[in-house]
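Input: a single structure, listed below in structure tokens.
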Amino acid sequence: MTKPDIAAARREENIFAALREEIIAALVGQLPDLPAETLARIDVGPAREAAHGDATTNAAMVVAKAARAAPQAIAARLAGAFDGSALIARAEVAGPGFINLHLHADALRAVVGAVLRLGEAYGDCDLGQARAVNVEYVSANPTGPMHVGHCRGAVVGDVLANLLGKAGFVVTKEYYINDAGAQVAALAWASYWRYLQALGADLSAEDFDPQVPGGLQYQGDYLVAVGQTLADAHGASLAGPGVSVADPAVWFDIVREHAIARLMQGVREDLDLLGVRHDVFSSERALVEAGAADAAIGRLEAAGLIYEGVLEPPRGKLAEDWEPRAQTLFRATGFGDDVDRPLRKSDGSNTYFANDIAYHNDKMARGAALMIDVWGADHGGYVSRMQAAVRALSGEPGRLEVVLCQIVHVLREGVPVRMSKRAGSFITLRDMIEEVGRDAVRFTMVTRKSDAQMEFDLAAAVAQTKDNPVFYVQYAHARCRSVLRAAAAAGVVADAGAQLGSLAAEPELAVVRRLASWPRTVEGAAAAREPHRIAFYLYDLASDFHALWNRGRDEATMRFLQADHPTETAARVALVEAVATVIRSGLAVLGVAPVEEMR
RNA sequence: GCGCCCUUAGCUCAGAUGGAUAGAGCAACAGCCUUCUAAGCUGUGGGUCGGUGGUUCGAGUCCACCAGGGCGCGCCA
């Protein structure tokens with residue numbers, strides 16, 4: 001099939017999109033002067049109840065005001081306009097002005113053939129119109145192992161990026177390494193402490209702490225290995241006489257680089273376990289050293305958006321130790337922020353915000369037409385200033401979107417889990433993956449809206465019951481595969497050209513309808529940046545399929561494979577193949593493996 | 001004190017951009033295995049959508065205020 005054919009097939013087999021076009025065409029024929037904004041609000045979606053037909057539209061109600069007519073009257077006239085339609089068999093007005101659409105069964109069943117022809121490309125759409133979107137996620141500081149706090153953002157970002165790719169965006173997955181500033185300096189000191197210990201120094205945290213500017217941080221065991229590799233690589237050359245603390249000029253840069261490299265390696269290994277692979281890793285320090293921050297500040301300055309000033313003290317808390325200070329400020333208030341934001345510290349160095357402006361400037365320079373940052377909830381207060389800066393630089397209000405992920409509480413059988421085997425104070429990503437597996441971690445992390453807090457129960461994530469959506473969906477796929485194996489053994493292979501007319505039982509049609517709503521689910525989820533909708537769709541599809549499966553237990557004639565009825569069997573095998581294909585397609589977005597067999 | 005997020009069945013959560021009688025799973029109760037996987041299916045009961053006003057043909061969804069929970073609040077990143 002050539003590319004234009006595929007595109008045409010997609011339009012043709014996205015039933016709801018096709019219906020919408022037909023309805024709007026009919027509506028415009030009757031009411032030519034409707035404004036485009038009004039038409040844009042028309043929705044055609046699956047009916048919630050079988051009695052309401054296969055699809056339903058709010059077109060008459062949406063249009064009523066602009067048309068200055070009663071919704072029911074518009075609906076009645078519109079419903080009469082579909083004689084001879086290839087899709088719509090019957091249209092009826094209901095309630096306050098809904099039009100319920102009963103489709104020709106063949107038109108509905110054609111979805112099955114479309115799925116088989118398109119394979120996992122069924123459901124792709126052109127929402128993104130090949131726009132370049134940069135999705136930045138994880139971006140954990142390289143100062144320790146990844147923990148659950150990073151995990152949700154990692155999965156949400158990764159799945160969102162996959163989803164946008166399916167919806168026609170050209171996606172870059174990016175990780176921003178915060179390898180400049182005070183935290184990595186503290187990391188260097190802590191690594192140096194472990195290095196001295198590796199050389200044999202009897203140096204407790206309490207003894208070392210007073211020698212560290214700002215105090216010793218990162219006392220977890222995970223830096224012991226870093227100290228050891230430093231000792232292996234450099235011997236005692238970085239230490240002072242008698243394994244004492246040498247002049248930082250001798251060791252600081254070496255130790256910092258070594259520690260960052262080691263910890264980033266750990267981060268990459270953890271991400272790999274999670275199935276997350278970024279296309280680009282960007283270094284904050286590389287940007288700073290290239291002068292990008294000063295360049296970005298220069299651009300804002302040239303636009304007259306920088307001034308030296310003193311901020312008002314925040315009300316309420318922290319008022320005691322507040323002193324007025326003159327700082328270099330960005331006029332964020334001109335771009336939707338509450339207060340102007342500092343770009344330089346009193347010692348003249350750049351704030352993190354200044355570097356972050358440079359970083360986003362850099363992403364745009366690299367071609368990102370749209371940037372989506374996935375952040376933890378603790379960065380919520382940072383959103384408006386970053387968007388203000390991007391808007392000031394680009395002139396576009398929507399160039400940067402931020403998806404915030406709220407906190408995850410980890411439980412085991414309802415009891416909060418706090419301690420980690422490795423890191424002590426927090427549960428690591430690696431612990432979690434080892435306990436419940438990558439698929440369960442990934443799936444469970446997108447079974448909630450990202451802006452709501454969630455509870456992650458380790459015991460529930462591995463439970464093999466319908467309460468566990470990972471299992472439930474994978475089991476449905478395994479059952480599909482089981483049928484297809486048995487069919488193949490009997491010489492029946494799914495065929496896109498199969499006669500589908502025998503698919504007429506309600507549970508069969510329910511599955512067909514669900515398959516038909518996959519494209520609009522993908523498009524809606526991508527447009528709303530809500531990957532969890534994919535997980536819920538898969539659960540619903542699995543549920544429809546399990547129900548159909550069990551009909552075969554109650555009635556032998558409802559089993560998929562009917563030895564004496566090749567036409568029915570071919571139709572049902574095609575349906576099962578279509579279900580398996582869409583489940584695989586959805587799981588691919590989630591980055592979860594489809595399972596062939598569960599025994 | 002200010003800003004952002006959240007509040008839906010006993011519990012965990014959906015609710016497709018304002019639509020019809022608000023839906024799943026768990027838990028409770030009652031059924032379904034000589035069968036392509038019973039790790040599943042079918043049915044029953046369970047709700048003042050935190051509260052009060054407002055916007056309109058229509059509000060869980062939008063607006064205002066209030067209550068409760070979370071996150072954050074000038075030289076941390």
Side-chain angles (χ1 to χ4, degrees), chain A residues 41 43 45-49 52 56 58 61-62 64-65 70-71 94-98 100 141 143 178 180-184 284 310-319 322-325 327 329 338-342 344-353 355-356 376-384 404 406-407 414 447-449 451-455 457 460 463-469 471-472 475-476 478-479 482-487 517 520-521 523-525 527-528 530 532-533 536-537 539-540 543 546-554 556 559-561 572 576 597-599:
Chain A
R41 290 173 47 221
D43 185 46
R48 246 193 321 196
E49 290 177 41
H52 295 159
T56 184
N58 60 359
M61 293 181 291
V62 164
K65 188 170 275 182
F98 290 100
N100 292 333
N141 292 339
T143 53
N178 296 134
Q183 290 197 352
V184 287
E284 179 185 5
V310 180
L311 289 172
E312 292 289 310
R315 304 202 169 211
K317 288 192 169 182
L318 304 169
W322 190 90
E323 289 173 18
R325 263 188 297 267
Q327 292 174 292
L329 299 171
D338 300 330
V339 61
D340 292 338
R341 303 292 181 176
R344 292 204 172 97
K345 307 174 190 174
S346 55
D347 67 2
S349 66
N350 291 333
T351 59
Y352 179 80
F353 180 47
N355 290 351
D356 220 357
D378 55 343
H379 289 63
Y382 200 72
V383 174
S384 53
L404 287 182
Q406 295 291 328
I407 290 176
T447 53
R448 299 285 182 274
K449 272 182 304 205
D451 55 6
Q453 293 183 39
M454 77 179 289
E455 297 190 350
D457 196 307
Q464 302 205 328
T465 67
K466 63 191 297 193
D467 189 28
N468 180 2
F471 165 78
Y472 190 73
Y475 185 37
R479 275 182 156 176
S482 172
V483 171
L484 294 169
R485 280 191 300 270
S517 65
R520 78 190 300 274
T521 300
E523 187 166 359
E530 292 188 343
H532 74 277
R533 292 191 199 178
F536 281 92
Y537 172 87
Y539 188 91
D540 289 339
S543 180
H546 284 307
L548 178 58
W549 173 286
N550 275 275
R551 280 297 296 275
R553 300 193 152 274
D554 302 334
R559 291 163 64 91
F560 297 110
L561 307 178
R572 289 174 185 178
V576 172
E597 195 174 11
M598 292 179 125
R599 288 270 178 200

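Here is how names work: the chains are called A, B, and so on, in the same order as the sequence lines, proteins then strands, and each is numbered from 1.
- Looking at A:Arg448, its side chain never comes within 3.5 Å of a backbone N or O of A:Gln453 through a donor-acceptor pair.
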Could you list all N or O pairs between the protein and nucleotides 31-35 of chain B that sit under 3.5 Å apart?
residue : atom : partner  : partner atom : Å
B:rU35  : O2'  : A:Arg559 : NH1          : 3.1
B:rU35  : O2   : A:Arg559 : NH1          : 3.2
B:rU35  : N3   : A:Arg553 : O            : 3.2
B:rU35  : O4   : A:Arg553 : O            : 2.9

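- Between B:rG69 and B:rG23, the two C1' atoms lie 25 Å apart (nearest whole Å).
- Contact annotation for A:Ile407: backbone-only contact, meaning every heavy-atom pair under 4.0 Å involves sugar-phosphate atoms and none involves a base.
- With a glycosidic angle no further than 90° from 0, B:rC33 counts as syn.
- Looking at heavy atoms from C-beta onward, A:Phe536 lies out of side-chain contact with A:Thr521 at the 4.5 angstrom threshold.
- In this structure, the CZ atom of A:Phe560 is 12 Å from the C1' atom of B:rU37, given to the nearest Å.
- Between A:Phe353 and A:Tyr382, the ring planes lie perpendicular to each other; the angle is over 60°, past the 30° to 60° tilted range.
- Heavy atoms only, all atoms of each residue included: A:Leu329 and A:Val310 are closest at CD1-N, 4.3 Å.
- Expressed to the nearest 0.5 Å, how far CG of A:Leu548 lies from CZ of A:Arg559 amounts to 12.5 Å.
- The CD-P distance, from A:Glu530 to B:rU61, rounds to 17 Å in whole Å.
- Note on A:Ala528: a base of the nucleic acid sits closer than 4.0 angstrom, heavy atoms only.
- In this structure, A:Glu530 CD and A:Lys449 NZ are separated by 7.5 Å, a value rounded to the nearest 0.5 Å.
- Between the side chain of A:Asn178 and the main chain of A:Asn141, no donor-acceptor pair closer than 3.5 Å is present.
- Take A:Arg551 and apply the side chain to side chain donor-acceptor pair (under 3.5 Å) test, not counting sequence neighbours, and it matches A:Glu555.
- Checking B:rC41, B:rG3, B:rA77 against the side-chain heavy atoms of A:Asp338 singles out B:rG3 as nearest.
- Within 4.0 Å of A:Ala182, counting heavy atoms only, lie sugar-phosphate atoms of the nucleic acid but no base atom.
- Ranking B:rG40, B:rC75, B:rA77 by closeness to the A:Gln327 side chain, first place goes to B:rC75.
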- [ ] Let me have RNA chain B in dot-bracket notation, would you? Count Watson-Crick plus G-U wobble pairs, both distances under 3.5 Å, and use [ ] for pairs crossing earlier ones and | for inter-strand partners.
- [x] (((((((..((((.....[...)))).(((((.......))))).....(((((..]....))))))))))))....
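- Atom pair A:Leu329:CG and B:rC75:C1' shows a separation of 11 Å (rounding to whole Å applied).
- The side chain of A:Arg479 sits closest to B:rU37 out of B:rU37, B:rC5, B:rC76.
- Mapping A:Leu561 and A:Leu311 onto RNA chain B by nearest heavy atom places A:Leu561 at the nucleotide closer to the 5' end.
- Side-chain atoms of A:His546 come within 3.5 Å of backbone atoms of A:Tyr472 as a donor-acceptor pair (strictly under, hydrogens ignored).
- Rounded to the nearest 0.5 Å, atoms CZ (A:Arg520) and CG (A:Asp43) are 5.0 Å apart.
- Protein atom CG of A:Asn350 is 15 Å distant from nucleotide atom C1' of B:rC76, rounded to whole Å.
- Distance noted for atom C1' between B:rU61 and B:rC6: 15 Å (whole Å).
- Nucleic acid contact for A:Ser384: none, since no nucleic acid atom lies under 4.0 Å from a heavy atom of the residue.
- In textbook terms, a nucleotide whose glycosidic angle is within 90° of 0 is syn, while B:rU55, being further out, is anti.
- Taking atom P on both B:rG54 and B:rG60, the two are 15 Å apart, rounded to the nearest angstrom.
- Residue A:Gln406 contributes atom CD, which lies 14 Å from atom P of B:rC4 at whole-angstrom precision.
- Using a 4.0 Å heavy-atom cutoff across all strands shown, A:Asp457 reaches no nucleic acid atom at all.
- If you check the side chains of A:Arg479 and A:Tyr475, you find a donor sitting under 3.5 Å from an acceptor.
- Distances from the side chain of A:Val483 to the nucleotides B:rC76, B:rC36, B:rG72 place B:rC36 closest.
- Rounded to whole Å, the distance from CZ on A:Arg341 to P on B:rC73 is 10 Å.
- The side chain of A:Asp451 sits closest to B:rC5 out of B:rC71, B:rC36, B:rC5.
- From A:Arg41, atom CZ reaches atom CE of A:Met61 across 10.5 Å, with rounding to the nearest 0.5 Å.
- The two residues A:Gly97 and A:Pro71 come nearest to each other via the heavy atoms CA-CB, 4.4 Å.
- Across the P atoms, B:rU21 and B:rG25 are found 23 Å apart, a figure rounded to whole Å.
- A:Gly376 approaches A:Leu404 most closely through the heavy-atom pair O-CD2, 3.6 Å.
- Remark: the backbone N or O of A:Ala463 is paired with a side-chain donor or acceptor of A:Asn468 at under 3.5 angstrom.
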Please list, pair by pair, any protein nitrogen or oxygen found under 3.5 Å from a nitrogen or oxygen in nucleotides 12-14 of chain B.
residue : atom : partner  : partner atom : Å
B:rU12  : O2'  : A:Arg448 : NH2          : 2.5
B:rC13  : OP1  : A:Glu455 : N            : 3.4
B:rC13  : O5'  : A:Arg448 : NE           : 2.9
B:rA14  : OP1  : A:Lys449 : N            : 2.6

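- Not counting sequence neighbours, the partners of A:Lys345 by the side-chain contact (heavy atoms from CB on, under 4.5 Å) test are A:Asp347, A:Ser349, A:Thr351.
- Counting all heavy atoms, side chain and backbone alike, A:Pro46 lies closest to A:Thr56 at O-CG2, 4.0 Å.
- At the heavy-atom level, A:Thr143 lies nowhere under 4.0 Å from the strands shown.
- When heavy atoms are screened at a 4.0 angstrom cut-off, A:Asp340 is found touching no nucleic acid atom at all.
- Comparing the C1' positions of B:rG50 and B:rU44 gives a spacing of 29 Å, expressed to the nearest Å.
- Rounding to whole angstrom units, CG of residue A:Asn178 and P of B:rA77 are separated by 9 Å.
- Taking the nucleotide of RNA chain B with the nearest heavy atom to each of A:Ser482 and A:Val62, the more 5' of the two is matched to A:Val62.
- Rounded to a whole angstrom, the distance from the C1' atom of B:rU52 to that of B:rA59 is 15 Å.
- At the heavy-atom level, A:Glu523 lies nowhere under 4.0 Å from the strands shown.
- One interatomic measurement links the two molecules: CZ of A:Arg520 to P of B:rU17, which rounds to 7 Å at whole-angstrom precision.
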Identify the pairs formed between an N or O of the protein and an N or O of nucleotides 21-30 of chain B at a distance under 3.5 Å, and give each distance.
residue : atom : partner  : partner atom : Å
B:rG25  : O2'  : A:Asp467 : OD1          : 2.8

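- The side chain of A:Tyr475 places no N or O atom within less than 4.0 Å of a non-bridging phosphate oxygen (OP1 or OP2) of B:rC41.
- Counting only heavy atoms from C-beta on, A:Pro342 has its side chain closest to B:rG74 among B:rG74, B:rU37, B:rG15.
- Closest to the side chain of A:Trp549, out of B:rA77, B:rC36, B:rU17, is B:rC36.
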